[in-house]
Amino acid sequence: MVEILVPLPAGDVTITADWVDGDNGAIIAVAHGAGTGKDHPFLTGFADALNDEGFSTLRFNFPYVEQGRRMPGPAAHAVATWRSVVEFARIREPAATVWAAGKSYGGRMASMAVADGLVVDGLAYLGYPLHPPGRPDRPRVEHLPLIAVPQLFVEGTTDPFIQPLSQFEEALASCQDARVEWIEGAGHTFEVKDRRRPAAEIGASLAPLVADFVRGAADR
């Protein structure tokens, strides 16, 4: 367990994170979804599988989780958190590449931070929340074309956050450098109907997709 200082307008706060050393020269910072925290089995399974692939991982909480709240605070707080997390990672392994990954809200906040100037080598989204379920009239896409680094969208084909799929495909086409990996029949948490699996196993199953993306982007 490590602690990371995050400067916020009302004063500095401290978040907790879990750092695991790897040996392949790449760090993947991992953020949780809106309703969970860094220790959700989906995220621990995902990070553990990345560690098995040789990556260093930094799995962290946003400030609202540390404060015991269930609902996220202002987006600016999450963007500031991402900046502090990436700075910590660069200090920890100065020669490593740094990649930002996140489940749903955590990934979207990473994309906003990068659109706002945060420097990372690439972004991986585990269920990007294109819009609230049933509200395609409220898309969260305006910043995506500003992102120059490679982006990977890992998406379930039945995820209500990206229906209709044609709207998601339009958002993907607006990006400078983006690809999608579809999980057939999966919803927002990557559960598949009639195939019950523990959350940790589901998270771990997505790690090879992100690992291949990072390796492929780094080799360009």
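No hydrogens, no waters, no symmetry mates; every other heavy atom, side chains included, goes into these values. Counting begins at 1 with the first residue of the sequence.
There is no path of hydrophobic side-chain contacts, each under 4.5 Å, that joins L118 to V214.
For the atom pair OG1 of T16 and CD of E3, the computed distance is 7.5 Å after rounding to the nearest 0.5 Å. Here CG of L126 is found 13.5 Å from NE2 of H32. Values are rounded to the nearest 0.5 Å.
Side chains of E66 and T14: no donor on one and acceptor on the other come within 3.5 Å. For the 3.5 Å distance criterion, the side chains of Q151 and Y125 qualify, holding a donor opposite an acceptor.
A distance below 6.0 Å separates the ring centres of W182 and F168.
Environment of CD in E142: crowded, with over 12 heavy atoms of neighbouring residues, nucleotides or ligands closer than 6.0 Å.
Between W82 and F62, the ring planes lie perpendicular to each other; the angle is over 60°, past the 30° to 60° tilted range.
Across S84 and V6, no two heavy atoms sit closer than the pair OG-CA, 3.6 Å.
Applying the salt bridge (charged side-chain N to carboxylate O under 4.0 Å, His left out) test to every pair with at least one member in residues 157-173, sequence neighbours left out, gives no pairs at all.
Put simply, the side chain of V154 reaches to within 4.5 Å of the side chain of F190, judged on heavy atoms.
Ion pairing between R196 and E191 fails under the 4.0 Å rule for side-chain N and carboxylate O.
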Assess whether side-chain hydrogen bond (donor to acceptor under 3.5 Å, both in side chains) is satisfied between T57 and N51, documenting all intermediate values. CA-CA 7 Å; T57 58; N51 299 145; 2.9 Å; yes
Below 3.5 Å, can you tabulate the donor-acceptor pairs from side chains in residues 67-77 to any protein atom, sequence neighbours excluded?
residue, atom, partner, partner atom, Å
Q67, OE1, R69, NH1, 2.3

